[in-house]
There are 2 protein chains.
Amino acid sequence: MSKKSNLPQPTDAELGILQILWKAGPSTVRFVNEQLNEQQEKEIGYTTTLKLMQIMTEKKLLSRNTDTRTHVYLAEAVQGDTQKALLKKFVDATFQGSATSLVMQALGNHETSQQELDEIKALIEKIEKG
Amino acid sequence: MSKKSNLPQPTDAELGILQILWKAGPSTVRFVNEQLNEQQEKEIGYTTTLKLMQIMTEKKLLSRNTDTRTHVYLAEAVQGDTQKALLKKFVDATFQGSATSLVMQALGNHETSQQELDEIKALIEKIEKG
DNA sequence: TTGCATTTACGAAAAGTTTCGTATATCATT
DNA sequence: AATGATATACGAAACTTTTCGTAAATGCAA
């Protein structure tokens with residue numbers, strides 16, 4: 001019996017915020033906003049980030065600690081689960097459900113190091129062994 | 001000197017239309033609309049599909065033959081190129097640019113047949129050799 | 001030819017997402 | 001206590017995407 005999280009899928013902007021929280025752990029709006037503005041060329045206003053994080057908290061993608069004046073936000077959406085769900089949707093829409101087509105396309109742009117190829121080969125072997 | 005197509009990326013709904021045209025070849029709005037409604041549960045109105053295809057024609061994602069009253073639409077966006085561009089955007093947003101992470105996730109989660117695994121292995125070998 | 005069904009054209013509503021202005025509260029410094 | 005900097009709350013504007021209503025044109029069949 002696995003527990004489904006059943007969270008809504010994040011939008012593009014929301015995913016950007018999740019990436020930061022997944023990487024950095026619990027953070028303030030100020031920090032997340034700064035990270036976003038480092039990653040991107042386009043400047044994003046502080047209240048924009050705040051609003052998004054408030055919406056995400058409502059959707060349960062995040063939770064927050066409001067003990068101090070400066071709230072600290074935590075990602076509730078699990079990275080792996082979120083990626084998995086987004087991947088499924090993407091494979092369905094773009095590759096008509098064929099994960100293999102996607103893998104071929106992804107590897108086809110041969111910018112994959114030998115070490116990464118080895119990892120993939122190892123995984124394939126593991127799958128083949130059952 | 002390769003010629004870049006430089007087409008805008010399709011939206012979700014537009015991609016659904018492209019999939020049908022890629023598979024079926026040149027088609028009428030009526031046909032595309034029927035296909036969409038077979039694939040999905042949600043009923044899409046005829047003029048909705050028409051409007052989308054008109055917009056896509058403006059964007060050069062499609063072209064059309066207007067010789068007869070019932071126009072026949074053709075996909076101008078190339079399937080492989082479109083998939084590649086969408087994949088890059090998706091990998092960047094969801095896997096922080098790591099195609100390997102995506103491949104691992106895709107192989108890990110989806111059911112992959114032995115034949116498909118063989119194809120992937122063959123591709124990996126090809127990459128390693130060349 | 002007249003009327004009905006089907007098509008295209010067009011605009012705009014509806015829905016979803018992102019952005020920010022402004023008000024208000026809180027904290028630190030003077 | 002007053003001032004200034006920074007935080008949250010909230011609503012609504014601005015954009016993007018999707019959907020459809022309605023009008024006008026075209027072809028078909030009685």
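Everything quoted here is computed from the prediction, not taken from an experiment. The figures here come from the full heavy-atom set of this structure, side chains too, leaving out hydrogens, waters and symmetry mates. Here is the naming used below: chain letters follow the sequence lines, and residue numbers restart at 1 for every chain.
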K.L.:
Side chains of A:Gln83 and B:Thr94: any donor to acceptor distance under 3.5 Å?
P.N.:
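The criterion, which ignores hydrogens and geometry beyond distance, is not satisfied for A:Gln83 and B:Thr94.
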K.L.:
Side-chain N or O of B:Lys42 versus OP1/OP2 of D:dT18: is the shortest distance under 4.0 Å?
P.N.:
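It does not, given that no N or O in the side chain of B:Lys42 lies less than 4.0 Å from OP1 or OP2 of D:dT18.
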K.L.:
Among residues two or more places apart or on two chains, list those pairs meeting side chain to side chain donor-acceptor pair (under 3.5 Å) that have a residue in residues 22-32 of chain B.
P.N.:
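Listed by first then second residue: nothing to list.
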K.L.:
Nearest whole Å is fine: how far is D:dT16 P from B:Lys59 NZ?
P.N.:
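Going from B:Lys59 (NZ) to D:dT16 (P), I get 11 Å.
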K.L.:
Are A:Asp12 and B:Lys89 close enough that some pair of their side-chain heavy atoms sits under 4.5 Å apart?
P.N.:
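Result yes, sub-4.5 Å side-chain heavy-atom pair found.
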K.L.:
At under 4.0 Å between heavy atoms, what does B:Thr11 touch on the DNA or RNA strands: base, sugar-phosphate, or nothing?
P.N.:
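Contact class for B:Thr11: sugar-phosphate only.
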K.L.:
In this structure, how many angstroms lie between the P atom of D:dT16 and the CG atom of A:Asp12, rounded?
P.N.:
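From A:Asp12 CG to D:dT16 P: 14 Å.
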K.L.:
Return the value, rounded to whole Å, for the distance between atom CG of B:Leu36 and atom P of D:dT18.
P.N.:
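It is 12 Å, rounded to the nearest whole Å.
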K.L.:
Rounded to whole angstrom units, what separation is found between the CG atom of A:Leu52 and the P atom of C:dT19?
P.N.:
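For the pair A:Leu52 CG and C:dT19 P, the rounded distance is 7 Å.
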K.L.:
Is there a side chain to side chain contact (heavy atoms under 4.5 Å, CB included) between A:Leu15 and A:Gln9? Walk through the geometry before answering.
P.N.:
CA-CA 9 Å; A:Leu15 183 57; A:Gln9 290 188 7; over 6 Å; no
K.L.:
Rounding to an integer number of Å, can you tell me how far A:Asp67 CG sits from D:dT8 P?
P.N.:
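Taking CG of A:Asp67 and P of D:dT8, I get 13 Å after rounding.
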K.L.:
Is the closest side-chain donor-acceptor distance between B:Asp92 and B:Gln96 under 3.5 Å?
P.N.:
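There is no such pair (donor and acceptor under 3.5 Å, judged by atom type) between the side chains of B:Asp92 and B:Gln96.
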K.L.:
Does a side-chain N or O from B:Thr48 land closer than 4.0 Å to OP1 or OP2 of D:dT18, or not?
P.N.:
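False: B:Thr48 side-chain N/O out of range (4.0 Å or more) of D:dT18 OP1/OP2.
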K.L.:
Are A:Lys84 and A:Asp81 ion-paired here, with the side-chain N under 4.0 Å from a carboxylate O?
P.N.:
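No, no charged N to carboxylate O under 4.0 Å.
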K.L.:
Can you tell me the distance, in whole Å, between the CD atom of A:Glu34 and the P atom of D:dT6?
P.N.:
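Rounded to whole Å, this separation is 11 Å.
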K.L.:
Strictly under 4.0 angstrom, non-hydrogen atoms only: write out the protein contact profile of nucleotides 5-13 of chain C, one letter per nucleotide from the 5' end, B, S or -.
P.N.:
-BBBBBBB-
K.L.:
How many whole angstroms separate atom CD1 of B:Ile55 from atom C1' of D:dT18?
P.N.:
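Checked: the CD1 to C1' distance equals 8 Å.
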K.L.:
Could you check how far CD of A:Gln40 sits from P of C:dT18, rounded to whole Å?
P.N.:
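Rounding to the nearest Å, CD of A:Gln40 and P of C:dT18 are 11 Å apart.
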K.L.:
Looking at A:Lys121 and B:Glu128, does any basic side-chain N land under 4.0 Å from a carboxylate oxygen?
P.N.:
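Yes, A:Lys121 and B:Glu128 are salt-bridged.
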